[in-house]
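Here the structure comes first, spelled out in C-alpha cells, and everything after it is commentary.
In this text, all values refer to a predicted model and were calculated from it rather than measured experimentally.
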Amino acid sequence: MRSFLTGLFTVLAMVGMILAVPGVWTTQKLVDKDGFVASAREAAELPTVRDYFARQIVVEVGDATDIPLTAVVVEPLAKQYTAGPGFVDDFADVAAQQHDWLFTAPEPDESRHVMNLNITPMVNRVIGQVPGHPSVDREITVPVDQNRLTAGSMEDTGTAVTAVSWIAVAVAAIGSLAALILGRRRGTVLAWLGVGGILAGGAGWLLSIYLKHVADDGAADTDLSAQQTVRAVVSHIVDSLTTLSIVVACVGAAVVVLGLVLRSVGGARSPGW
C-alpha cells in the first residue's frame with residue numbers, strides 16, 4: 001500500500017507540474033489584466049510596434065483633420081511621439097481595451113467579431129504639437145476583425161484556466177511532499193519528480209509554439225506591416241514563457257541527477273534513499 005500511495009502521489013505531482021507551468025504563466029501574463037497590460041508596455045518599446053503606430057496615426061490624422069500636407073507635417077511628430085513615454089502609456093491603454101474585449105461579456109450593441117480600438121488619445125497627442133494645437137473631438141477607432149475570437153469569448157476560459165492553474169500548483173506541491181514522505185526510495189522519487197519538471201518545461205515550450213502559430217494565423221488576413229507588428233508583440237510576450245520553460249526543464253534535469261546520485265550513493269547506507 002505504501003508503494004502504491006508513493007507512486008500515486010508521484011504521478012499526481014508530475015501531472016500538477018505539467019499543468020502548473022503553462023497554466024500559471026497564462027494566468028499571470030494573459031488572463032490577469034494587469035499582467036497583460038504590463039507585457040504590452042514592454043512590447044511598446046519594440047521598434048516594429050513604434051513604426052507601425054506612427055504610420056497608423058498619420059493615416060488617421062489625415063482622415064480626421066484638414067491639416068495641410070498631413071504626411072509632411074505629422075509624420076515626424078508621430079515618430080517623435082511613438083519614441084516617447086506617452087506612447088507607452090497610450091499603447092498600454094489600447095492593450096487594456098483588447099483585454100476587456102476578450103475577457104468581458106459584450107454589451108448588446110457591441111460587435112461580436114470586430115474589436116474597435118480607441119486611439120483618440122494617440123492622435124490628439126500628436127496633432128497637439130501642431131501650431132494652433134488642434135484636437136479631434138470625436139472618437140477615432142481602429143477596427144480589428146477577429147476571425148476566430150468573439151467579444152467576451154475568453155471570459156469563461158480565463159476563469160477556468162486560473163482555477164486549474166492554482167489547483168495544479170497545490171497538487172504538485174502536496175503530491176511531491178507526500179511522495180517524498182511515503183517513499184522508501186526517496187532518491188528514486190526525487191528523480192521522477194525531476195522528470196515531471198522536464199515534462200512541465202516541455203509543456204510550456206509547446207504552448208509558446210502554439211500561441212505564436214495562433215497569432216500568425218489570426219493576422220494572416222491583415223496587411224504585411226500589421227502581421228509583422230503582431231508577430232513582434234506576441235513573440236516578445238511569449239519569449240518569457242519559452243525562457244521559463246527552459247529554466248524549469250533545466251531544474252528538472254538537475255533534480256533527476258540529484259535523485260540518481262542520492263539513490264546510488266546514499267542507498268547503500270540509508271534504506272530511505
Next on the checklist: So D89 and R41, do their side chains get closer than 4.5 Å, heavy atoms only?
Outcome noted: yes
Checklist entry - Should K79 and D51 count as an ion pair when the cut-off is N to O under 4.0 Å? => result no
Item to check | Stepwise side-chain contact (heavy atoms from CB on, under 4.5 Å) check, V189 with F9 | outcome: CA-CA 10 Å; V189 173; F9 280 118; over 6 Å; no
Checklist entry - Roughly how far, to the nearest 0.5 Å, is CG of L102 from OG1 of T157? => result 10.5 Å
Next on the checklist: Evaluate S176 against M17 for side-chain contact (heavy atoms from CB on, under 4.5 Å), listing each step before the verdict.
Outcome noted: CA-CA 10 Å; S176 298; M17 292 177 198; 3.6 Å; yes
Next on the checklist: I need the minimum non-hydrogen distance between V238 and S208, along with the two atoms involved.
Outcome noted: CG1-CB, 3.2 Å
Item to check | Minimum heavy-atom distance between R263 and T188, given as atom pair plus value | outcome: CD-OG1, 3.3 Å
Item to check | Nearest-0.5 Å distance that lies between atom CG in D93 and atom CD1 in I119 | outcome: 11.5 Å
Checklist entry - Honestly curious: do V171 and F4 fall in one hydrophobic cluster under the side-chain, below-4.5 Å linking rule? => result yes
Next on the checklist: In terms of relative ring orientation, are H99 and F103 parallel, tilted or perpendicular, with 30° and 60° separating the classes?
Outcome noted: parallel
Checklist entry - Is the side chain of S264 donor-acceptor paired with the backbone N or O of V261 at a distance under 3.5 Å, no angle test? => result yes
Checklist entry - How about R184 and T6: does a side-chain donor come under 3.5 Å of a side-chain acceptor? => result no
Next on the checklist: Is it the case that atom CH2 in W25 sees more than 12 heavy atoms from other parts of the structure closer than 6.0 Å?
Outcome noted: yes
Item to check | For the student: nearest non-hydrogen atoms of I57 and V123, plus distance | outcome: CG2-CA, 4.4 Å
Checklist entry - Shared ILVMFWY cluster between V94 and L46, side chains joined below 4.5 angstrom? => result yes
Item to check | Point-to-point distance, once rounded to the nearest 0.5 Å, from OG1 of T162 to CD of Q28 | outcome: 10.0 Å
Checklist outcome for this item: For A253 and I198 the tightest heavy-atom approach is N-CG1, 3.6 Å
Item to check | Test log, rule side-chain contact (heavy atoms from CB on, under 4.5 Å), inputs V11 and W192 | outcome: CA-CA 9 Å; V11 171; W192 277 111; over 6 Å; no
Checklist entry - Rounded to the nearest 0.5 Å, how far does CG of L193 lie from CG of L180? => result 5.5 Å
Item to check | Verify same cluster id: I237, Y210 (apolar side-chain graph, 4.5 Å) | outcome: yes
Checklist entry - So, for A200 and P22, which heavy atoms are closest and what is the spacing to 0.1 Å? => result O-CD, 4.4 Å
Checklist entry - Is there side-chain contact between R186 and L262, with heavy atoms separated by less than 4.5 Å? => result no
Checklist entry - Do L30 and W205 share a hydrophobic cluster (ILVMFWY, side-chain heavy atoms under 4.5 Å, transitive)? => result no
Item to check | Atom pair CZ/CZ of F53 and F91 - distance to nearest 0.5 Å | outcome: 5.0 Å
Item to check | Pairing of K29 and D34 as salt bridge, 4.0 angstrom limit | outcome: no
Next on the checklist: The test is side-chain contact (heavy atoms from CB on, under 4.5 Å); show your working for R2 and L5 and say whether it passes.
Outcome noted: CA-CA 5 Å; R2 184 175 177 179; L5 290 176; 5.9 Å; no
Next on the checklist: Quick check: is L190 connected to L182 through a chain of hydrophobic side chains (ILVMFWY, heavy atoms under 4.5 Å apart)?
Outcome noted: no
Item to check | Neighbour count >12 (heavy atoms, 6.0 Å) for atom NZ, K212 | outcome: yes
Next on the checklist: Can a donor-acceptor pair be found, under 3.5 Å and without considering hydrogens, that links the side chain of S240 to the backbone of H236?
Outcome noted: no
Item to check | Atom of A13, atom of G175 and distance for their closest heavy-atom approach | outcome: CB-C, 3.7 Å
Next on the checklist: If you define the side chain from C-beta out and look only at heavy atoms, does anything of E155 sit under 4.5 Å from T104?
Outcome noted: no
Next on the checklist: Using only atom types and a distance under 3.5 Å, with no angle test, would you say the side chain of Q97 pairs donor to acceptor with the backbone of N118?
Outcome noted: yes
Checklist entry - Between atom OG1 of T141 and atom CG of L117, what is the distance when rounded to the nearest 0.5 Å? => result 8.5 Å
